[in-house]
Amino acid sequence: MKVIKRNGSRVEFDPEKIRAALTIANDSIEPAYKRITKTLINQITDEIVEEYTSRNRTKSVEYIAD
């Protein structure tokens with residue numbers, strides 16, 4: 001599956017980029033006790049991947065982020 005990047009290029013879809021973005025956002029939350037678990041980050045990533053791949057169409061990075 002391909003993703004359309006912000007600059008218009010097409011690259012392979014990489015779920016690890018979603019997981020990394022969620023982790024970075026989560027790590028910035030203060031106080032730390034309000035952060036979600038790594039398990040929940042993985043579940044959210046899996047749901048996004050399932051939603052994206054079930055449609056079998058190329059999507060933009062912004063669409064996936066939304």
Side-chain angles (χ1 to χ4, degrees):
M1 302 290 297
K2 298 282 186 180
V3 173
I4 303 169
K5 293 177 64 172
R6 288 181 176 91
N7 67 7
S9 65
R10 293 173 184 252
V11 297
E12 283 300 316
F13 177 65
D14 182 1
E16 289 309 310
K17 290 188 177 187
I18 294 170
R19 190 177 334 276
L22 290 171
T23 299
I24 290 167
N26 190 50
D27 289 347
S28 71
I29 294 174
E30 293 297 336
Y33 69 84
K34 291 191 175 186
R35 296 177 186 160
I36 62 175
T37 64
K38 289 185 188 268
T39 300
L40 187 52
I41 288 173
N42 290 332
Q43 289 174 344
I44 293 168
T45 301
D46 291 345
E47 288 177 17
I48 292 169
V49 169
E50 184 177 324
E51 175 69 21
Y52 177 74
T53 57
S54 70
R55 297 190 183 214
N56 201 23
R57 294 183 352 210
T58 301
K59 297 286 186 194
S60 68
V61 170
E62 288 86 4
Y63 178 86
I64 295 169
D66 289 345

Side-chain heavy-atom pair Ile48, Ile64 within 4.5 angstrom cut-off: yes
With side chains defined as the heavy atoms from C-beta onward, is the minimum distance between Ile4 and Lys59 less than 4.5 Å?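 Side chain of Ile4 against side chain of Lys59, heavy atoms only: no contact under 4.5 Å found.
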Interatomic spacing from OG in Ser60 to CZ in Arg6 - rounded to 0.5 Å: 8.5 Å
Separation between CE of Met1 and CD of Glu12, rounded to the nearest 0.5 Å: 9.5 Å
Solution key, residues 38-47 side-chain donor-acceptor pairs under 3.5 Å, sequence neighbours excluded:
unit_1	atom_1	unit_2	atom_2	d
Asn42	OD1	Arg19	NH1	2.7
Asn42	ND2	Lys38	O	3.3
Thr45	OG1	Ile41	O	2.9

Ring pair (Phe, Tyr, Trp, His ring centres under 6.0 Å): which pairs involve residues 21-55, sequence neighbours left out?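 Found Phe13-Tyr52.
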Can you tell me which residue pairs pass the side-chain hydrogen bond (donor to acceptor under 3.5 Å, both in side chains) test with a partner in residues 20-32, sequence neighbours excluded? Glu30-Arg35
Ignoring hydrogens and geometry, is there a side-chain-to-backbone donor-acceptor pair from Ser9 to Lys5 under 3.5 Å?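 Such a contact is absent between Ser9 side chain and Lys5 backbone.
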Could you state whether Leu22 and Ile29 fall into the same hydrophobic cluster, counting links through intermediate Ile, Leu, Val, Met, Phe, Trp or Tyr residues with side-chain heavy atoms under 4.5 angstrom apart?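 No: no chain of side-chain contacts under 4.5 Å links Leu22 to Ile29.
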